[in-house]
Amino acid sequence: MAEADGKAQKDAGRGGGRLCCICQARKPALKRPKTLQQICRECFYAVFEAEIHEVIVENRLFKPGERIAIGASGGKDSTVLAYVLSELNQRHNYGLDLFLLSVDEGITGYRDDSLETVKRNEMQYGLPLKIVSYKDLYGWTMDEIVKMIGMKNNCTFCGVFRRQALDRGAAMLKVDKLATGHNADDIAETVLLNILRGDIARLSRCTSITTGEDGPIPRCKPFKYTYEKEIVIYPLTPISFYYYFSTECIYSPNAYRGFAREFIKDLERIRPRAILDIIRSGENFRISTSTRMPEQGTCERCGYISSQKWCKACVLLEGLNKGLPKLGIGRTRGPNAEPKQDQMPNGSRSMASKQCGTLDF
Amino acid sequence: MHLTLEFGGGLELLCDAVKIHDVHVEPPVGSEKMTMRDLLLWVQKNLIKERPEMFIKGDTVRPGVLVLVNDCDWELSGQLDTTLEEKDVVVFISTLHGG
């Protein structure tokens with residue numbers, strides 16, 4: 001930083017000599033996408049953390065004494081979330097017991113590296129870490145699954161398995177809630193994708209800050225209104241410097257979501273508020289009560305929540321174990337094939353078109 | 001002039017997996033100063049070895065790529081028109097993947 005200080009004088013000229021909108025004392029370091037304010041680093045940390053605290057309080061995300069698992073991938077969002085939640089927990093006496101929960105999909109050269117980051121976070125923030133692996137839960141690693149089924153549809157397996165793995169890990173930790181690092185950009189992107197896919201059920205719940213309150217482990221998104229740009233800038237600092245891992249899954253080209261992402265980023269460049277506006281639009285959709293929603297039951301095989309006889313993970317596993325990996329992809333339903341009354345008419349329960357990479361909504 | 005360029009968030013993979021590059025860049029012929037516009041052209045030509053579309057879109061960085069000049073958001077210093085000076089540190093970070 002000494003070097004940056006030495007440059008302060010000449011940079012002042014480049015920034016037009018303006019001062020931070022909040023403190024009116026220091027040189028601004030970034031333009032906030034949410035407000036277009038030009039603010040300095042110190043004010044940025046203060047306002048970034050204060051806004052997340054506000055979201056937590058206003059939406060009553062946590063209750064005193066709760067055990068909370070933070071879904072930790074080693075990526076930027078969950079790393080910053082783990083840091084900010086443990087800071088706020090101490091600063092504002094939330095009275096929470098925090099844990100880190102990671103899923104090891106068994107992807108060599110991808111997840112094993114990012115798990116190293118999570119282990120580092122465990123040391124740095126003193127939060128206990130639990131890692132659940134696909135191998136232990138399902139008997140298959142993603143590497144083995146891809147070897148069997150190829151590069152097509154593998155995101156379906158990974159997405160279904162991850163969702164359930166997080167719930168199972170959360171149950172093992174006996175936590176009351178799972179907090180995930182989904183940020184405002186992620187949510188805007190998902191609103192858009194659900195509109196494009198005509199997925200009414202997901203559209204209506206993807207903007208909820210807390211979901212699954214009727215299920216075993218509710219999930220919440222403290223970063224729902226936090227811009228990705230600010231999450232990326234936040235750790236680039238001397239006061240809370242830590243490492244984060246960032247790379248793309250080697251098995252997930254994720255083209256469709258990628259297009260939506262790029263569109264969101266294009267919009268952000270023209271008008272940064274667009275991200276919050278899309279989230280607001282998503283929240284304001286009124287889903288007609290005549291739209292039939294899947295009824296929740298439990299899987300006959302493993303007991304996990306399911307609207308079908310077998311949960312999606314069990315159907316996919318059955319296919320893998322029997323050497324019929326297409327089972328559960330597209331319209332082949334396997335054990336769920338018998339006509340069921342609660343089935344949606346057009347087979348829209350199929351997961352084949354819902355590659356979500358690392359985003360679970 | 002000497003500049004330190006840093007690539008992160010996956011962008012380093014486009015330039016031989018090297019994150020930090022100490023480089024020597026001269027302003028374009030007939031110009032006295034060097035701007036970010038000039039630097040982006042130089043980077044594209046000299047450092048980016050693959051998938052340039054991950055870094056550049058049109059005449060500027062792809063949306064979702066964050067640029068900091070001496071720890072300061074380039075949106076404050078005029079983006080492409082930012083004038084660079086000796087020993088400046090320019091950071092490029094992709095925010096496009098990795099949750």
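So that the names make sense, note that chain A is the first sequence line, chain B the second, and so on, each numbered from 1. These numbers come from a predicted model, not from an experiment.
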Novice: Can you tell which of Leu66(B), Asp73(B), Leu68(B) has the highest number of heavy-atom pairs within less than 4.5 Å of chain A?
Specialist: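 Option with the greatest count: Asp73(B).
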Novice: Heavy atoms only: give me the nearest Lys265(A)-Gly64(B) pair and the separation to one decimal.
Specialist: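 For Lys265(A) and Gly64(B), the tightest heavy-atom pair comes out as CD-CA, 3.7 Å.
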Novice: Among residues two or more places apart or on two chains, list those pairs meeting salt bridge (Lys or Arg N to Asp or Glu O under 4.0 Å) that have a residue in residues 35-50 of chain B.
Specialist: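 Sorted result for residues 35-50 of chain B: Asp16(B)-Lys49(B), Arg37(B)-Asp81(B).
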Novice: Which distance, rounded to the nearest 0.5 Å, do you find between the OG1 of Thr95(B) and the CG of Asp185(A)?
Specialist: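 One gets 7.0 Å once the value is rounded to the nearest 0.5 Å.
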Novice: Inspect the contact between Arg32(A) and Glu75(B) and indicate whether a charged nitrogen and a carboxylate oxygen are less than 4.0 angstrom apart.
Specialist: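 Here Glu75(B) does not pair with Arg32(A) in a salt bridge, since their nearest N and O are not under 4.0 Å apart.
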Novice: Return the minimal non-hydrogen interatomic distance between Cys72(B) and Pro28(A), and the atom names on each side.
Specialist: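 Scanning both residues, the minimum pair turns out to be SG-O, 3.7 Å.
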Novice: Does any part of the side chain of Val61(B), heavy atoms only, come nearer than 4.5 Å to the side chain of Arg269(A), both counted from C-beta?
Specialist: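 The answer is yes, as the side chains (C-beta and beyond) meet within the 4.5 Å cut-off.
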Novice: Please name the pair of heavy atoms, one in Arg41(A) and one in Asp71(B), separated by the smallest distance, quoted to 0.1 Å.
Specialist: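 Here Arg41(A) and Asp71(B) meet closest at NH2-O, 2.8 Å.
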